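Values reported hereafter were calculated over all heavy atoms of this structure, with side chains retained and with hydrogens, waters and symmetry mates removed. Every value quoted in this text rests on a predicted model; they were computed, and no experiment measured them.
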Amino acid sequence: MRVGKSAATCFFIIKENAANRPRVQMPEFFSNFGGSEGGLRPLFRPQSQGGRTMNKIKMLSLLAAAAVMTGSVAMAETYSATGNGYHGEMTVDVTIENGTITDVALGDNHETNVVIDRAFPVIRERILEANTADVDSVSAATFSSYAIKTAVADAMKQAGLEAPTVSMKNAEKPATERAAEECDIVIVGGGPAGLAAAISAKQTNADKNVILVEKLDILSGNGKFDMNFFDMINTEAQKAAGNDEWVGEAGLAKFIEEKSANGESAERIQVWANEEYGIDAWLRAMGVELNYNYGGTNHMAEDNQYSGEVIQAGLEKAAAELGVDVRTGTKGMDLVMEDGVCKGVVVTNNANETYTINAKSTIIATGGFCSNKELLAEYAPGYEVFNTSNQMGTTGDFVKVFEQNGFKMENMGKMSFFSNIIVPYRDLTGGADMNLLANNEGTLLPNKSGMDRGTMIQEQPNGAAYYITDKTGYDSFYRIRKHVGLGYYSEGATLEELAEKLGIDAEGLKASVEQYNADAAAGTENAQVAAVPKRALDAEGPYYGVRVEAANHMTKGGVVCNENAQVLNADDTVVPGLYAAGEVTWQGGGYSESVCFGKVAGAQAAMAE
């Protein structure tokens, strides 16, 4: 659909270009149209308002009118088109002038903000540079990229141009090699741990040359999706909430006591505690504020804003301001090892160019292997049959490299398994004060956890189960309210209406809930859920529901590091020149521990000789 055109100004000079096609040029005595001063600014002042100057202006006006009437003036047309992204239809406005795509603007869409905000500028730049929709998709945003490319191709067709056939998959490129490069510190992985390492390294020694490579086209890994930045202590939010048990020396001691049995060394736990104690101040110094503490060590940015989107935006901004050389679309392939010492890393970029980055220190922060079913089958058999809530980059790229070099690996079969992710979007959901899990027949299911829950759901008719809650549950937890607002949940004024929208047998669900509520009132065990109900479902709607599955959230095992984030050999000696942080390592914590030991790795690498 054509949505508009940019009209030419009142005065033109019509000239012939090299191809003898008319083009429009502003008169030589005017410039700055629409500039900061507004309107047209004369480059020189005419000698008089009459005579030759006025005749020239009249002639220009006549030429302009003739050009418009004959259609020889180039007009910039804007065309609106749509494509189907990860979360449905996306609208794209494409401006085309003289056969050239001059702008691509994103319109209405329901894509995940932390993905599309990073991916759209990349795909837009590729389209404008190539002047076609037939460009590489943005890795980590392939569905969104394909939708945008489809829309741009449609706009090209509307403009009378030859529209290319676009593909979701990027074309293979011939393999080449390029010259090796040198730096002080190279970091592999641009997620929370890798970005924290880069920032910490530059803060420790601003003169260090730091290169960060990330195999995907956008940064921040799974961290950008996270709601909760947990394990942080001594925070401004905890102080404001009166959560004194986690503040000051008392908070530090409590943290160490609670983590003492998690399997990590006492020295590592002490360093972790010290980092968690100061990380709130570190983040706030970069403009990242986590102001909502909802009990214990749990933190969000605000009571209606996830922590991850704020933290990761702040880390990316800080890395850029500090001058970190960030190279997206560049995958770490292997370590450069000489006599047991790490000397750098071999990488391959989107152009299929392979080269070596020689470095005094190397930090690996490539994440876990939740997205690699072969590795799951090998190290955590049984978990490979489940989906993952983790981002697509968690493919365990350096697991085999670590093994081949004889590094120490631990807890490779240990998993973090999440009870409810939305089908098909894979967002973590749940958290209501009470919920029911029902199948298509309306039968309620027991509240199992871990692999047992995942298997139970897979065994249901159509492999389907539905997370159902009420207005009280909706009000109890922000995550539910967010997902309802995004349209992920179906809503019904009655249970029957909700059941119809979800594809559940309405009579079956109604009967199951009536019995459940009766058992709640009597304080007796419900036969279907095999437990005494916590409370009854609200007697009146609205009710909310969404299809869910249980999924692998994180792999916990990995290469073993000491308290300085140095990688260890199988005999517990340090691998000189090599550090690691985040989910690629064995760690008992999660998001915030990844950031903490990313910080440690960066600082230690910057201080190394």
Side-chain angles (χ1 to χ4, degrees), residues 112-114 192 222-248 250-255 257-259 262 272-273 275-284 286-315 389 416-422 427-435 447 449 467 469-486 488-489 534-535 538 544 546 548 553-554 588-596:
T112 305
N113 66 310
V114 294
N222 211 50
K224 58 183 175 286
F225 301 105
D226 281 354
M227 180 186 77
N228 185 8
F229 196 69
F230 61 91
D231 282 337
M232 191 166 62
I233 60 176
N234 194 47
T235 69
E236 296 302 314
Q238 286 167 330
K239 295 171 187 175
N243 193 357
D244 296 335
E245 65 177 340
W246 290 105
V247 173
L252 191 66
K254 183 176 176 65
F255 183 94
E257 180 183 2
E258 290 199 358
K259 301 299 183 184
N262 83 336
W272 181 16
E275 289 295 329
E276 293 284 8
Y277 187 89
I279 199 168
D280 183 50
W282 183 72
L283 290 170
R284 287 177 182 273
M286 292 184 285
V288 175
E289 297 186 1
L290 304 182
N291 294 322
Y292 182 52
N293 170 228
Y294 58 108
T297 65
N298 300 307
H299 289 80
M300 290 168 56
E302 303 292 346
D303 63 0
N304 62 352
Q305 186 176 30
Y306 281 17
S307 64
E309 61 186 86
V310 175
I311 293 170
Q312 295 310 128
L315 295 183
S389 61
S416 173
F417 200 76
F418 203 83
S419 295
N420 304 295
I421 69 168
I422 294 174
D427 294 62
L428 305 181
T429 196
D433 74 317
M434 188 281 289
N435 75 277
N447 188 27
S449 60
Y467 184 98
T469 192
D470 52 20
K471 183 62 165 60
T472 302
Y474 170 93
D475 290 336
S476 71
F477 199 55
Y478 171 66
R479 181 182 275 155
I480 303 292
R481 298 194 298 276
K482 177 178 179 177
H483 289 165
V484 170
L486 290 170
Y488 297 170
Y489 276 61
K534 182 178 179 180
R535 67 168 175 84
D538 288 351
Y544 309 91
V546 66
V548 296
H553 184 51
M554 292 174 61
Y591 187 5
S592 68
E593 186 177 7
S594 296
V595 174
C596 285

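Residues Asn222 and Met554 form no side-chain contact, since every pair of their non-hydrogen atoms from C-beta on lies 4.5 Å or further apart. Using a 4.5 Å heavy-atom cutoff, the side chains of Glu309 and Asn113 are in contact. Between Phe255 and Tyr277 the shortest side-chain heavy-atom distance does not fall below 4.5 Å. Side-chain contact between Val595 and Trp282 is present, with heavy atoms from C-beta onward closer than 4.5 Å. Considering only heavy atoms from C-beta on, Ile279 comes within 4.5 Å of Cys596 through its side chain. With a 4.5 Å cut-off on side-chain heavy atoms, Met286 and Leu315 count as touching. In this structure, the side chains of Leu290 and Met232 come closer than 4.5 Å at one or more pairs of heavy atoms.
Here the CE atom belonging to Met434 is positioned 4.0 Å from the CZ atom belonging to Arg535, to the nearest 0.5 angstrom. Put simply, CD1 on Ile311 and CG on Leu283 are 6.0 Å apart, with the number rounded to the nearest 0.5 Å.
The two atoms that bring Ala237 and Tyr292 nearest to each other are CB-N, 4.1 Å, heavy atoms only. When all heavy atoms are compared, the tightest approach of Phe230 to Ser592 is O-OG, 2.5 Å. Minimum heavy-atom separation, Asp470 to Asp538: OD2-N, 2.8 Å.
Separation of the Tyr544 and Tyr489 ring centroids does not fall under the 6.0 Å cut-off.
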Please set out all donor-acceptor pairs under 3.5 angstrom arising from side-chain atoms of residues 293-302, sequence neighbours excluded.
| unit_1 | atom_1 | unit_2 | atom_2 | d |
| --- | --- | --- | --- | --- |
| Asn293 | OD1 | Asn243 | ND2 | 3.0 |
| Asn293 | ND2 | Gly296 | O | 3.2 |
| Asn293 | ND2 | Asn298 | O | 2.8 |
| Tyr294 | OH | Asn228 | ND2 | 3.3 |
| Thr297 | OG1 | Asp231 | N | 2.9 |
| Asn298 | OD1 | Asn228 | ND2 | 2.7 |
| Asn298 | ND2 | Gly295 | O | 3.1 |
| His299 | ND1 | Thr297 | O | 2.9 |
| His299 | NE2 | Thr235 | OG1 | 2.9 |
| Glu302 | OE2 | Asn291 | ND2 | 2.9 |

Contacts table for residues 475-486: side-chain donor-acceptor under 3.5 angstrom, sequence neighbours left out:
| unit_1 | atom_1 | unit_2 | atom_2 | d |
| --- | --- | --- | --- | --- |
| Asp475 | OD1 | Lys471 | NZ | 3.0 |
| Asp475 | OD2 | Lys471 | NZ | 2.9 |
| Ser476 | OG | Asp433 | N | 2.9 |
| Ser476 | OG | Gly473 | O | 2.7 |
| Tyr478 | OH | Asn304 | O | 2.8 |
| Arg481 | NH1 | Asp475 | O | 3.0 |
| His483 | ND1 | Thr429 | OG1 | 3.0 |

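When atom types are taken as modelled, the side chain of Glu276 and the backbone of Trp272 share no donor-acceptor pair closer than 3.5 angstrom. Remark: side-chain polar atoms of Ser307 are paired, donor with acceptor, to backbone N or O of Phe229 under 3.5 angstrom.
Side-chain contact, Ser389 with His553: a donor N or O sits under 3.5 Å from an acceptor N or O.
The pair Lys254-Glu257 does not meet the salt-bridge criterion, since no charged nitrogen lies less than 4.0 angstrom from a carboxylate oxygen. The pair Lys239-Asp280 does not meet the salt-bridge criterion, since no charged nitrogen lies less than 4.0 angstrom from a carboxylate oxygen.
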Apply side chain to side chain contact (heavy atoms under 4.5 Å, CB included) to Val114 and Gln312, showing your working. CA-CA 9 Å; Val114 294; Gln312 295 310 128; over 6 Å; no
